[in-house]
Undergrad: 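Quick one: structure below, then a few questions.
Everything numeric here is computed off the predicted structure, so don't read it as measured data.
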Amino acid sequence: MKKSFNTFIIVFTFLNIFIEIQAQTLTIKDSTALAFDEQNLEDPILLWPNGAPNATGTSDEDKPAITPFIPEVSKRNGTAVLVIPGGGFVLRAKDHEGVLVAQWLKEQGFTAFLLRYRLRPIYRRTEWLMDGQRALQYIRAHASKYNISTERLGAVGFSAGANLCADLAFSSFPGNSKSTDALDRQPTNPNFIMLAYGYGELPATLESFPKANMPPIFMYGTAEDSGSYKGMVKMHSNLLHAKIPVETHFFQTGNHGTGFAIGDPILGQWPYLAKNWLWANGLLTDKPRTSLSGSILLDGKPLVRGSVIMTSIDDPNAPPVIIYQNNSGTGKLGLYSVPKNEGPVAGTYKIEVRQGATRWTSNSRDPFIIEMMDKQRKGELTKEDIEKWTVYHRARDLSPSIYNQRVFTHQHPNDKKEYSVHIKEGMELNIEIFSK
């Protein structure tokens with residue numbers, strides 16, 4: 001009995017010591033994490049060290065500023081993003097729409113700057129727009145210090161911050177070359193903008209729309225957030241009508257104010273969609289894009305239905321090139337053309353050819369189908385036409401022509417190296433793959 005009691009005392013004492021050590025460890029870890037966060041936030045940089053225009057006080061709320069988030073040298077891609085949190089212009093959601101966003105961008109290789117802009121009722125649109133413009137000017141003026149490109153400076157905004165972000169694009173100016181202020185000499189235009197559950201008030205008429213200076217635009221929202229959704233749909237439509245590049249993603253559910261939704265397996269995908277959009281638009285490299293044209297042959301015959309995926313081997317930030325081939329049984333087959341704004345940059349690209357069908361006749365290229373559908377649209381389809389169309393359909397072979405997508409990564413099956421080409425400006429690229 002005495003032995004069992006002593007054993008119990010020893011075990012109980014050991015457990016107490018273990019629990020105490022664990023508690024101390026957790027406390028140390030928690031305080032370390034807190035200190036780590038504090039140490040990694042740079043001091044805000046005042047945009048007007050001697051006082052902002054129209055300032056009515058001397059508190060932080062009268063001193064617009066930016067806080068830099070600098071990625072590790074090995075991760076840097078040279079693209080910079082001004083982060084503009086929302087809050088209805090009465091507060092700034094500086095944590096989930098500010099710090100967390102900037103930290104995510106930093107981890108992805110972007111140099112981020114968190115904007116502290118002025119708020120109402122102390123200030124109005126004139127001041128917070130001025131703050132955003134000054135921030136872009138400051139970042140451009142110090143591009144060499146931060147190792148970023150002056151032509152790849154954009155902004156991401158949330159809710160009211162998205163409205164300010166759009167305002168920066170709609171209200172940009174080239175800068176005053178004669179100013180004695182080095183920052184005032186810089187242009188204020190963002191090279192791209194990303195709007196999260198917010199939108200800008202477009203000009204009343206498309207004639208006044210500043211198309212020439214408008215950057216490409218990415219938008220994110222949810223159908224559940226109906227207040228923002230309706231305005232974003234209208235803006236998307238107007239941007240398309242004005243021929244301004246825009247990509248918009250609406251998710252089914254999600255409330256207002258999700259930020260980057262970090263950790264959410266569904267909504268948390270949108271920052272990666274935005275990053276892919278930047279990549280596809282060539283906004284992760286300063287190399288100029290070039291147009292591309294030529295032919296695509298498989299076993300000596302044109303690829304009638306499929307795609308070619310081109311990805312850079314020597315520069316992960318170079319934009320990918322995707323060529324969708326949708327030829328028909330008429331005309332010259334196998335030819336393709338890629339415009340400059342969708343083309344590659346100079347360098348070595350890996351070629352991957354994907355075959356989606358072995359026979360294919362597109363409705364848009366079949367002369368008979370084109371004739372019949374045109375008559376149908378005009379209401380001129382006769383009984384004889386329907387009979388001819390019926391006979392035509394029954395004579396066609398519309399059964400599957402392929403068991404599964406065929407993927408070719410080597411020019412010849414026995415090649416040891418994957419198929420690659422070196423891209424030069426203005427070159428003609430004839431792509432040829434052999435399955436045997």
Undergrad: In the structure I gave you, are the side-chain heavy atoms of Phe218 and Val156 within less than 4.5 Å of one another anywhere?
TA: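 No, every pair of side-chain atoms sits at 4.5 Å or beyond.
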Undergrad: Okay, side chain of Arg134, backbone of Thr188: is any donor-acceptor separation there less than 3.5 Å?
TA: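 The answer is no, because no donor-acceptor pair under 3.5 Å joins these two groups.
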Undergrad: Between Thr58 and Asp62, does any side-chain donor sit less than 3.5 Å from a side-chain acceptor?
TA: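 There is no such pair (donor and acceptor under 3.5 Å, judged by atom type) between the side chains of Thr58 and Asp62.
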Undergrad: Could you check whether atom CG of Asp43 has more than 12 heavy atoms from other residues, nucleotides or ligands sitting under 6.0 Å from it?
TA: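 No - once you tally the heavy atoms of other residues, nucleotides and ligands closer than 6.0 Å, there are 12 at most.
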Undergrad: Begin from the C-alpha positions of Leu429 and Val421 and carry the test side chain to side chain contact (heavy atoms under 4.5 Å, CB included) through to its verdict.
TA: CA-CA 9 Å; Leu429 177 62; Val421 295; 3.9 Å; yes
Undergrad: Does Arg116 come within less than 4.0 Å of Asp131, counting only side-chain N to carboxylate O?
TA: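 Result for this pair is no, no salt bridge flagged.
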Undergrad: Keeping the roles fixed (side chain from Gln405, backbone from Gly356), state whether a donor-acceptor pair exists under 3.5 Å.
TA: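 No, because the side chain of Gln405 does not come within donor-acceptor range (under 3.5 Å) of the backbone of Gly356.
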Undergrad: Would you call Lys63 and Glu61 a salt bridge, using N to O less than 4.0 angstrom?
TA: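 Salt bridge between Lys63 and Glu61, a charged N being under 4.0 Å from a carboxylate O: no.
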Undergrad: Using every non-hydrogen atom in the two residues, find where Gly132 and Leu115 come nearest and quote the distance to one decimal.
TA: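 Reported closest heavy-atom pair: CA-CD2, 4.0 Å.
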Undergrad: Dump the intermediate steps for side chain to side chain donor-acceptor pair (under 3.5 Å) on Thr248 and Tyr220, then the final yes or no.
TA: CA-CA 6 Å; Thr248 305; Tyr220 150 78; over 6 Å; no
Undergrad: So Leu46 and Pro44, do their side chains get closer than 4.5 Å, heavy atoms only?
TA: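 Answer no - side chains too far apart.
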Undergrad: Can the ring centres of Phe434 and His412 be said to be less than 6.0 Å apart?
TA: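 Yes, the ring of Phe434 comes within the 6.0 Å limit of the ring of His412, centre to centre.
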Undergrad: Strictly distance-based, threshold 3.5 Å: is any side-chain N or O of Tyr419 a donor or acceptor partner for the main-chain N or O of Ile431?
TA: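 Checking the backbone N and O of Ile431 against the side chain of Tyr419, no donor-acceptor pair under 3.5 Å is found.
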Undergrad: Under the criterion side chain to side chain contact (heavy atoms under 4.5 Å, CB included), I'd like the reasoning laid out for Thr290 against Ile423: C-alpha separation, chi angles, the key distance, then a yes or no.
TA: CA-CA 9 Å; Thr290 182; Ile423 301 295; 4.1 Å; yes
Undergrad: Write down the atom of Asp286, the atom of Ser149, and the distance for their closest heavy-atom approach.
TA: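 Taking every non-hydrogen atom into account, OD1-OG, 2.8 Å.
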Undergrad: Suppose we call two aromatic rings close when their centres sit under 6.0 Å apart. Are Phe113 and Phe69 close by that rule?
TA: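 For Phe113 and Phe69, the ring centres are not under 6.0 Å apart.
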Undergrad: I'd like to know whether Val83 forms a side chain to side chain contact (heavy atoms under 4.5 Å, CB included) with Leu105, so could you lay out the CA-CA distance, the side-chain angles of the two residues, the decisive distance to 0.1 Å, and finally the verdict.
TA: CA-CA 10 Å; Val83 179; Leu105 290 167; 3.8 Å; yes
Undergrad: With heavy-atom distances below 4.5 Å as the criterion, would you say the side chains of Leu153 and Leu136 are in contact?
TA: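 They are in side-chain contact.
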Undergrad: Would you please test Gln186 and Arg140 for side chain to side chain donor-acceptor pair (under 3.5 Å) and show each step?
TA: CA-CA 7 Å; Gln186 298 292 329; Arg140 276 205 173 91; 5.4 Å; no
Undergrad: Do Lys417 and His410 have side chains that get closer than 4.5 Å, going by heavy atoms?
TA: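 No, every pair of side-chain atoms sits at 4.5 Å or beyond.
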Undergrad: What is the minimum heavy-atom distance between Phe158 and Val101, and which atoms define it?
TA: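 Shortest heavy-atom contact: CZ-CG2, 3.5 Å.
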Undergrad: Is Lys375 atom NZ crowded by more than 12 heavy atoms from other residues, nucleotides or ligands, each under 6.0 Å away?
TA: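 Above 12, so yes.
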Undergrad: Taking Trp270 as the fixed residue, which of Trp277, Phe260, Phe251 is the one that meets the ring pair (Phe, Tyr, Trp, His ring centres under 6.0 Å) rule?
TA: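 Of all the options given, the one that passes is Phe260.
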Undergrad: With a 3.5 Å distance limit and no angle check, can you tell me whether Trp279 reaches the backbone of Leu284 through a side-chain donor-acceptor pair?
TA: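 Judged by distance alone, no pair lies under 3.5 Å.
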Undergrad: Are Tyr197 and His256 close enough that their ring centers fall under 6.0 Å?
TA: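 Distance test on ring centres: under 6.0 Å, yes.
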Undergrad: Applying side chain to side chain donor-acceptor pair (under 3.5 Å) between Arg152 and each of Thr111, Asn191, Thr285, Thr79, report the one that passes.
TA: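 The option that passes is Thr79.
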Undergrad: For the backbone of Pro320 and the side chain of Thr311, can you confirm whether one donor and one acceptor N or O come within less than 3.5 Å of each other?
TA: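 No, the answer is negative, given that no donor and acceptor are paired below the 3.5 Å cut-off.
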Undergrad: Tell me the closest heavy-atom pair linking Arg289 and Lys340, and the distance in Å.
TA: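 So the minimum-distance heavy-atom pair works out to O-CE, 3.1 Å.
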Undergrad: Check this for me: Lys424, atom NZ, are more than 12 non-hydrogen atoms of other residues, nucleotides or ligands nearer than 6.0 Å?
TA: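 No, the 6.0 Å shell around NZ holds no more than 12 heavy atoms from other groups.
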Undergrad: How far does OG1 of Thr222 sit from CD of Gln252, to the nearest 0.5 angstrom?
TA: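 Atom-to-atom, Thr222:OG1 and Gln252:CD are 10.0 Å apart.
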Undergrad: Considering residues, nucleotides and ligands other than Glu425, do more than 12 of their heavy atoms fall under 6.0 Å from its CD?
TA: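 No - once you tally the heavy atoms of other residues, nucleotides and ligands closer than 6.0 Å, there are 12 at most.
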Undergrad: To the closest 0.5 Å, what do you measure between CG (Leu239) and CD (Glu247)?
TA: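 Going from CG on Leu239 over to CD on Glu247, the span is 13.0 Å.
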Undergrad: Any side-chain heavy atom of Leu168 sitting closer than 4.5 Å to one from Ile193?
TA: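 No, their side chains stay 4.5 Å or more apart.
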Undergrad: Answer yes or no: is there a side-chain heavy-atom contact under 4.5 Å between His249 and Met219?
TA: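 No, their side chains stay 4.5 Å or more apart.
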Undergrad: State the CG-NZ distance between Leu298 and Lys301, to the nearest 0.5 angstrom.
TA: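 The distance works out to 9.5 Å.
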Undergrad: Working to the nearest 0.5 angstrom, can you tell me the gap between Met214 CE and Ser172 OG?
TA: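 Met214 atom CE to Ser172 atom OG measures 8.5 Å (nearest 0.5 Å).
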Undergrad: Looking only at non-hydrogen atoms, find the nearest pair between Ala55 and Tyr123 and report the distance.
TA: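 Between these two residues, the closest heavy atoms are CA-OH, 3.4 Å.
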Undergrad: Out of curiosity, Asn189 CG to Gln137 CD, how far, rounded to the nearest 0.5 Å?
TA: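 Nearest 0.5 Å value for the CG-CD distance: 10.0 Å.
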Undergrad: Do Ser337 and Ser293 get their side chains close enough for a donor-acceptor pair, meaning under 3.5 Å?
TA: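 Ser337 vs Ser293: no donor-acceptor pair found between side chains.
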Undergrad: If we ignore hydrogens and angles and just use 3.5 Å, is the side chain of Tyr349 paired with the main-chain N or O of Val345 as donor and acceptor?
TA: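 Between the backbone of Val345 and the side chain of Tyr349 there is a qualifying donor-acceptor contact (under 3.5 Å).
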Undergrad: Got a second to check how far Arg124's CZ is from Ile122's CD1, nearest 0.5 Å?
TA: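 Spacing of CZ (Arg124) from CD1 (Ile122) equals 10.5 Å.
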Undergrad: Can you name the nearest heavy-atom pair linking Leu303 to Ser307, along with the distance?
TA: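 Here Leu303 and Ser307 meet closest at CD2-N, 4.1 Å.
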Undergrad: Within the 4.5 Å heavy-atom criterion, are Val321 and Glu342 side-chain neighbours or not?
TA: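 Not in contact.
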Undergrad: Can we say Arg359 and Asp397 salt-bridge, meaning some charged N sits less than 4.0 Å from an Asp/Glu carboxylate O?
TA: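 Looking at Arg359 and Asp397, the cut-off is met.
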Undergrad: With a 4.5 Å limit on heavy-atom distance, are the side chains of Trp128 and Pro64 in contact?
TA: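 They are not in side-chain contact.
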Undergrad: Applying side chain to side chain contact (heavy atoms under 4.5 Å, CB included), run through Leu100 and Ile262 and close with a yes or a no.
TA: CA-CA 8 Å; Leu100 298 189; Ile262 298 169; 4.2 Å; yes
Undergrad: Has the side chain of Gln325 got a donor or acceptor atom that lies under 3.5 Å from a matching backbone atom of Leu335?
TA: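 Indeed, once roles are kept as given, a pair shorter than 3.5 Å links the two residues.
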Undergrad: Are any side-chain N or O atoms of Glu97 and backbone N or O atoms of Ile84, one a donor and one an acceptor, separated by less than 3.5 Å?
TA: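 Answer holds: no.
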Undergrad: Is it the case that the side chain of Glu224 and the backbone of Gly254 share a donor-acceptor pair, with hydrogens and angles ignored and the cut-off at 3.5 Å?
TA: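 Yes, because the side chain of Glu224 sits within donor-acceptor range (under 3.5 Å) of the backbone of Gly254.
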Undergrad: With a 6.0 Å cut-off (strictly less than), is the heavy-atom count around OH of Tyr146, excluding the residue itself, greater than 12?
TA: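 Yes, because the 6.0 Å sphere around OH of Tyr146 holds more than 12 heavy atoms from other groups.
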Undergrad: When you check the gap from the basic side-chain N to the acidic O, do Asp181 and Arg185 get nearer than 4.0 Å?
TA: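 Salt bridge absent between Asp181 and Arg185.
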Undergrad: Regarding Ser312 and Asp314, do their side chains bring together a donor and an acceptor under 3.5 Å, going by distance alone?
TA: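 Judged by distance alone, the side chains do pair up.
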Undergrad: Applying salt bridge (charged side-chain N to carboxylate O under 4.0 Å, His left out), name anything that partners Asp315, two or more places apart in sequence or on another chain.
TA: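 With neighbours one apart ignored, the set is Lys287.
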Undergrad: Would you check if the side chain of Asp184 reaches a backbone N or O of Asn176 as a donor-acceptor pair within less than 3.5 Å?
TA: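 Such a contact is absent between Asp184 side chain and Asn176 backbone.
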